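Keep in mind the model is a prediction, meaning the values are calculated, not measured.
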Amino acid sequence: MQIRTIANSPPPVRDASTVSSAPSAESRRISDDVAQARHTAMSALTNDRFRVMLEQITDPASSGALMTMRGDNVVDFKSAQSSYADNSE
């Protein structure tokens, strides 16, 4: 297969008003947000307290205990509403 150039046509000219070499404010904001998110994630990965907490909540025994945890004093809605009304007066 042969490819021949029949005419020397110039490359298409781009409209300079639609293409800008400077990043827009929106793209700068997105780039800054991504950089901040990456910094936060890297900080969390190197934080020992975060690592320990993550190990604890991913442990099946611990997460099961958290899911079934309940308070000793369960209050119905009407009692809570009455107490709130008494305290707000």
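- Grouping Ile, Leu, Val, Met, Phe, Trp and Tyr by side-chain contacts under 4.5 Å, direct or through others, puts Met42 with Leu45.
- Contacts of Arg29 classified as side-chain hydrogen bond (donor to acceptor under 3.5 Å, both in side chains), with partners at least two apart in sequence or in another chain: Glu26, Asp33.
- For Ser82 (side chain) and Lys78 (main-chain N/O), no donor-acceptor pair under 3.5 Å exists by modelled atom type.
- Listed by chain and residue number, nothing satisfies the side-chain hydrogen bond (donor to acceptor under 3.5 Å, both in side chains) test with Thr46 (two or more places apart in sequence, or in another chain).
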Begin with the C-alpha distance, continue with both residues' side-chain angles, and end with the deciding distance and a verdict on side chain to side chain contact (heavy atoms under 4.5 Å, CB included) for Leu54 and Arg51.
CA-CA 5 Å; Leu54 194 58; Arg51 180 188 52 79; 5.7 Å; no
If you apply the rule side chain to side chain contact (heavy atoms under 4.5 Å, CB included), what do you find for Asp59 with Glu55, and how did you get there?
CA-CA 6 Å; Asp59 178 35; Glu55 287 174 358; over 6 Å; no
